[in-house]
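In what follows, a single structure is set out as structure tokens and then discussed.
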Amino acid sequence: MGSNGAGKSSTLKAVVGLLTPAEGSISVLGHDPVKEPVVTKQIVGYVPESALLYDALTPREFLEFVASIRGLDSAQVSERARSYVTAFQIEREFDQPLSTLSNGTRQKILLIGAFLHQPALLVLDEPLNSLDPRSVRLVRELLTQYVAQAPRGVLFSTHTMEVAERLCNRVGILDRGRLVGEGTMDTLRSQTAQGDATLEEIFLRLTREEEGVYAAVRALGGA
Amino acid sequence: MKRRESTRPSGPSEAPESPSPSVPTPSARRLAEIAYLELSFQAVYALRQGNVLAAEVPRDAGELANTARRRVAQSKFLVSLLIVLLVGGSMLTLTNIVEKFFLVGPTPVPLPLYTGTVIGGLLLLELSFLWMVGLQSLPTFLGSQILPVLETLPIPEKKLDRVALLVLFRLFDAPAVTALVLTPVALGIALHSVLVGLLVVPGVVVVIILAMGLSLRTGRFFVQHVQGSRGGLRASVLRWFYLLLWAVPAFGIYGFVSFGFQIMYGLAYLGRTAPGALGSLLLVFPFPFGFLPVLGLGGSSSIALVPGGDPWTIGLAALGYLGLAFGVAWWMRTAPRSLSRLSPDVQLTDERKGAQLRPVSAPAAILLKDLRTASRTPGYAFVILLPLIDAVVIGLSSYIGAPTPKSVFDLAAAAVTTTAILATFFGPAFFATEVMGYSYTRTLPLTNRSMLFGKSSLIVLIYVVASAIVVSLTVLRLLNIWLFFAFIIAELPGLIAAAFLEIGLLFRQAQKAGVPVSLMSSGAWWATTVVVPGIAIAGLPILIFGVLQDIGVSPIQSFLAMGGVALAELAIFSLFALGLPGRGRG
């Protein structure tokens, strides 16, 4: 979690090998995304912040491309695709060019693309953006089930405190590129010395934004 | 929570706060400049298409903007250079030396008919070329999404229309201005007449307006009927058929360049046998503008030398086309903006085909993706269709002509040469498809080698299909197809070597610069740079064959030498290509 521009998306991009870190190193299940990009990308499924895809392709063509690059088996991948397409209710749009689909539908395609090879690590940048309430619930349940089924991990960024509080085992809070808090809810509460604090209160305390919010509201009220 | 209460009264009766209409907004020209800079920026860096700036790219906004400006200007310069070549070629054709050659050719061609046809031909070539430039640039215009952003601002409708038109014109400006200035000057010099130069101007103006209009009209058709077309074999076939219709400007260029002599002699023959028919034909665009300058050479008496030619009718036809251009210009006041707001005809059906996926190998997936992308993107479809059209033209010329055994030999060499050169010339343009969804693809475990094989296989595919077209048309004339086969097979390793070199160079450049290369609107410089050595590599085996033939070496030995050189090239450039830095995409 973090304010706008705190470095959430940049961090996730570095994890999936889109950006090279200026300093330090990253290890994804023992692999360095810079030195072993292909191996790392094999074990990661990624959903970017914006649903930017090959607009001229249909979802079927796009997923075929993803499955081909990942070297997946036809029968297995088709079965998985069928389950996800049905779950997300996008059968009608499955042969429609991506350029003509809504942002929400494109987001669903990206999520299916990330789940397709059942990776050890899912990296999701604001995965619930543009999704309708039914799909938000569906993704939340899918993620819970996904992590529970096998030793798999999900690393995702979100602005929705409620989602983070309900879903995450551990929460990291970024402030201007620095990790100012990280751990379970209990760890974070003890870090801020607030026994019954909500994640929102912890976030504002750690990012020293609490007073800033009220000051801004006061200033706007007088405008 | 009380802090959030508004101090203002609220309710449905309250009008929303909005700027007064009298608030001045920047001039249309200023807004267009800003919008064009954004368009250039997106064309070069493609951030809106998902690209990520490489670490080496400077982060200073001013520097980024200047780089974008410079790269787009470089591309425009190259495109304008082609106009210079077209005009220069016509200028040469109108000089005395070539003139005499034509006048004493197999069919005598009257000088005014000759001059008017050459000028008309040049105008047709310019129209086709500018139309093609428009079709290539429209995806950049629409994809940059600059106009929808301006639509949300309180800018008067008329001003928005003007901004859209000005931005669209910026895509054409360099080649259009080059044509407008250079054509009259060059023709005036070639024909030693200022008046001729002046009389060419209306024709060029009409050509520019019609080219812009045709680009918009065909672009509109693309957005409505192709962009939203569903997947599946039947829809794909239909899309490629539509795209073939858009190859009309390409046919215009190839047809006139390839059959220029035949057209000239055909017109002269028609003038002798049916002057009335020729007179009517000369009223078809752009001939009236081709013959208008002829008046500058010797007044109405010169036109009278053209069988069926009448100065009044030609003048009236030219006036009619000027009127048409005026109408198109009037329509274009609002057309660019309405195009940017157009959405594709979505064909939602209840037909459900299931979610069966058919994965293929990684290089085949790259190839398939590029073909599917091209089938919904006219700019890329052209890249594939142009070499194929060229193959049809070459094949037809073998079918129409009466080839001798010697000319069959020349024809085979010419067919393979042009097919190989065109495949290596246009193939690299496909590297630009990596712009779309660029960052997402970079998160996939795609090896450099898979990418290289996938992109190179497209160049090879274009070559093989174009060669198959030539062979098929040659079979119809019962020519020696084995000769064609021998050429095609002997050249193939050289072509693969050229593809490896081109894609390998582009790959290194893309990784270094971190930007999409080879887009016509922004990366033409890189694409052209890699094409030069590519063409040299593809052309070398054929050149060796030609030299050996000239010094009297037997055809079989020449073929073996050609194949040997091609194989050696493949070995060398495979090492270069397979030695790409890193095992994955950075």
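By convention in this document, chain letters (A, B, ...) are assigned in the order of the sequence lines, proteins followed by strands, and residues within each chain are numbered from 1. We use all heavy atoms of the structure for the numbers below, so side chains are in, but hydrogens, waters and symmetry mates are not.
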Considering all heavy atoms, the nearest A:V38-B:L446 contact: CG2-O, 4.4 Å
So does A:R208 have more than 12 non-hydrogen atoms from other groups sitting under 6.0 Å from CZ? no
Looking only at non-hydrogen atoms, find the nearest pair between B:P445 and A:R70 and report the distance. CD-NH1, 3.3 Å
Given a strict heavy-atom distance threshold of 4.5 Å, which part of A:V85 is in contact with chain B: side chain, backbone, both, or neither? side chain
In Å and rounded to the nearest 0.5 Å, what is the NZ to CD distance from B:K369 to A:E64? 14.0 Å
Distance col, row A:L98:CG vs B:R376:CZ, nearest 0.5 angstrom, shows 9.0 Å
Could you tell me which portion of A:L72 (side chain, backbone, both or neither) has an atom closer than 4.5 angstrom to a non-hydrogen atom of chain B? backbone
Could you tell me which of A:A81, A:S83, A:A75 has the largest number of non-hydrogen atom pairs under 4.5 Å with chain B? A:A81
Bottom line for A:Y84: the part with an atom under 4.5 Å from chain B's heavy atoms is neither
What pair of heavy atoms forms the shortest contact from B:P359 to A:S68, and how long is it? CA-OG, 3.3 Å
Within the distance-only criterion (no hydrogens, no angle test), does the side chain of B:R372 pair as donor or acceptor with the backbone N or O of A:L57 below 3.5 angstrom? no
Atom CD in B:Q356, atom CD in A:E79: separation rounded to 0.5 Å? 9.5 Å
So, does A:S78 use its side chain to make a donor-acceptor pair with the main chain of B:L357 at under 3.5 Å? yes
